[in-house]
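One structure is given here, and the rest of the page talks about it.
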Amino acid sequence: MAHKYPGTFISLEGPDGAGKTTQVRLLAAKLDAAAIPYVLTRDPGGTPLGKQIRHILLKPGHPVAPMTELLLYQADRAQNLAEVILPGLQAGKLVICDRYVDSSLAYQGYGRDLDLPLIQQLNAMSTGGLKPELTLLFDIESEKAMGRKHQGGHDRMENEDLSFHRKVREGYLTLAKEEPTRWRTIDASKALHTVQEEMCKIIGDHMAAKKLVFI
Ligand SMILES: Nc1ncnc2c1ncn2[C@@H]1O[C@H](COP(=O)(O)OP(=O)(O)OP(=O)(O)O)[C@@H](O)[C@H]1O
Ligand SMILES: [Mg+2]
């Protein structure tokens, strides 16, 4: 058990364009239909304050130093935890977070070479050490993921070169290997419905093990 709350805490991780947001929207429709109480949030931008931080972080053309970037993500996370994640878990809901602490390790640590122990320390500070009990890694080749992102509307992270995105992907694979009981890896290069089936199966098995109802 990763935390003391009655709810269930799941995070979705993986490179830009892997399909996390697309898949969680499909899942949300099923949860609605099955009347399962859930909270869907995202990191960054899950709160009104966080939306402003997200805008600063992802707006292209804004120079943001790596340490500034790291701290802004942590500020967003602390707010999201207090305002959305903890209340959801305390109310016994299924809380799904589109990115969370592991994104800082993958992007600012493996991608931008900031010190991993320092990021772990800041992650623990901004979340009070609250980790997801299950983290789904949407794994995909960097070229394929980049190809999926639509023309024109690229944000500051997506504008990074291929070698940055490869380092991020490798970072995620390393993180998943280091903590195999928390992570499940999904081949996100497959068709939408295949990825959705796999995601539902993994979450369904986790909920069943906790004797909780799922779709
Ligand atoms: N399995 C899939 N097959 C083909 N295209 C897909 C698949 N999953 C998602 N896409 C498309 O890829 C694009 C990126 O998907 P999405 O925004 O869900 O990725 P993401 O992981 O949330 O990325 P980011 O981390 O940048 O938010 C979208 O245009 C989406 O329609
Ligand atoms: Mg997304």
_Atom of Ile140, atom of Ala145 and distance for their closest heavy-atom approach_ = CG2-CB, 3.6 Å
_Under a 3.5 Å distance rule, please check whether Glu158 uses its side chain to pair with a backbone N or O of Met146 as donor and acceptor._
no
*How long is the span from the CG atom in Asp139 to the CD1 atom in Ile186, to the nearest 0.5 Å?*
10.5 Å
*Just checking, any donor-acceptor pair under 3.5 angstrom between side chains of Tyr110 and Glu170?*
no
*Over all heavy atoms of both residues, which pair between Tyr172 and Pro15 is shortest? Give the atoms and the distance, please.*
CE1-N, 3.8 Å
*Val101-Val95 co-clustered via ILVMFWY side chain contacts under 4.5 Å*: yes
*asked:* Between Asp102 and Arg182, does any side-chain N to carboxylate O distance fall below 4.0 Å?
replied: yes
*Do Thr41 and Asn80 have a side chain donor and acceptor closer than 3.5 Å?*
yes
*Please answer: with hydrophobic residues joined when any side-chain heavy atoms are less than 4.5 Å apart, are Met207 and Tyr5 in the same cluster?*
no
*Should the heavy atoms of other residues, nucleotides or ligands under 6.0 Å from CD of Gln120 be counted, would the total exceed 12?*
yes
_Ignoring hydrogens, what is the shortest heavy-atom contact between Ile215 and Cys200? Give both atom names and the distance._
CD1-SG, 3.8 Å
_How long is the straight-line distance from CG of Leu134 back to CD1 of Ile96, given to the nearest 0.5 Å?_
9.5 Å
*Side chains of Tyr100 and Phe9: closer than 4.5 Å at any heavy-atom pair?*
yes
*asked:* Side chains of Arg112 and Lys167, heavy atoms from C-beta outward: is any pair under 4.5 Å?
replied: no
*So, His165 and Glu160: side-chain donor and acceptor under 3.5 Å apart, yes or no?*
no
_Within 6.0 angstrom of Gln52 CD, more than 12 heavy atoms from elsewhere_ = no
*So do Leu27 and Tyr38 actually touch side chain to side chain, heavy atoms under 4.5 Å?*
no
Side-chain donor-acceptor pairs under 3.5 Å in residues 82-94, sequence neighbours left out?
residue	atom	partner	partner atom	Å
Glu83	OE1	Gln79	NE2	2.7

*asked:* Tell me the closest heavy-atom pair linking Ala18 and Phe138, and the distance in Å.
replied: CB-O, 3.5 Å
_Do Met199 and Leu26 make a side-chain contact, defined as non-hydrogen atoms from C-beta onward lying under 4.5 Å apart?_
no
*Validation row: Asp16, Arg148 side chains within 4.5 angstrom (heavy atoms)*: no
*If Ile, Leu, Val, Met, Phe, Trp and Tyr residues are connected whenever their side-chain heavy atoms lie under 4.5 Å apart, and connections chain through other members, are Leu105 and Leu81 in the same group?*
no
*Rounded to the nearest 0.5 Å, how far does CD of Gln23 lie from CG of Leu136?*
10.5 Å
*Which atoms form the tightest heavy-atom contact between Glu198 and Thr185, and what is the distance?*
OE2-O, 3.9 Å
*asked:* Strictly distance-based, threshold 3.5 Å: is any side-chain N or O of Glu13 a donor or acceptor partner for the main-chain N or O of Leu137?
replied: no
*At what distance, to the nearest 0.5 angstrom, does NZ of Lys59 lie from CD1 of Ile56?*
10.0 Å
*Would you kindly confirm whether Ile119 and Trp183 end up in one hydrophobic cluster when ILVMFWY residues are joined by side chain heavy atoms under 4.5 Å apart?*
yes
*How long is the span from the CD atom in Gln108 to the CG atom in Leu122, to the nearest 0.5 Å?*
10.5 Å
_Would a single hydrophobic cluster contain both Tyr73 and Leu116, if residues Ile, Leu, Val, Met, Phe, Trp and Tyr are joined by side-chain heavy-atom contacts under 4.5 Å?_
yes
*Side-chain heavy atoms of Asp76 within contact of Leu57, under 4.5 Å*: no
*Can Thr21 and Asp98 be counted as having a side-chain donor-acceptor contact under 3.5 angstrom?*
yes
*Starting at CG of Leu212, measure out to OG1 of Thr8 and round the result to the nearest 0.5 Å.*
5.0 Å
_I'd like to know whether NZ of Lys51 has more than 12 heavy-atom contacts from other residues, nucleotides or ligands below 6.0 angstrom._
yes
*For the side chain to side chain contact (heavy atoms under 4.5 Å, CB included) test, which of Glu69, Arg77, Arg99 pairs with Ser104?*
Arg77
_With a 4.5 Å cut-off on side-chain heavy atoms, are His206 and Ile202 touching?_
no
_Within the 4.5 Å heavy-atom criterion, are Leu31 and Phe214 side-chain neighbours or not?_
yes
*Heavy-atom pair of closest approach, residues Val64 and Thr68*: CG1-CB, 4.0 Å
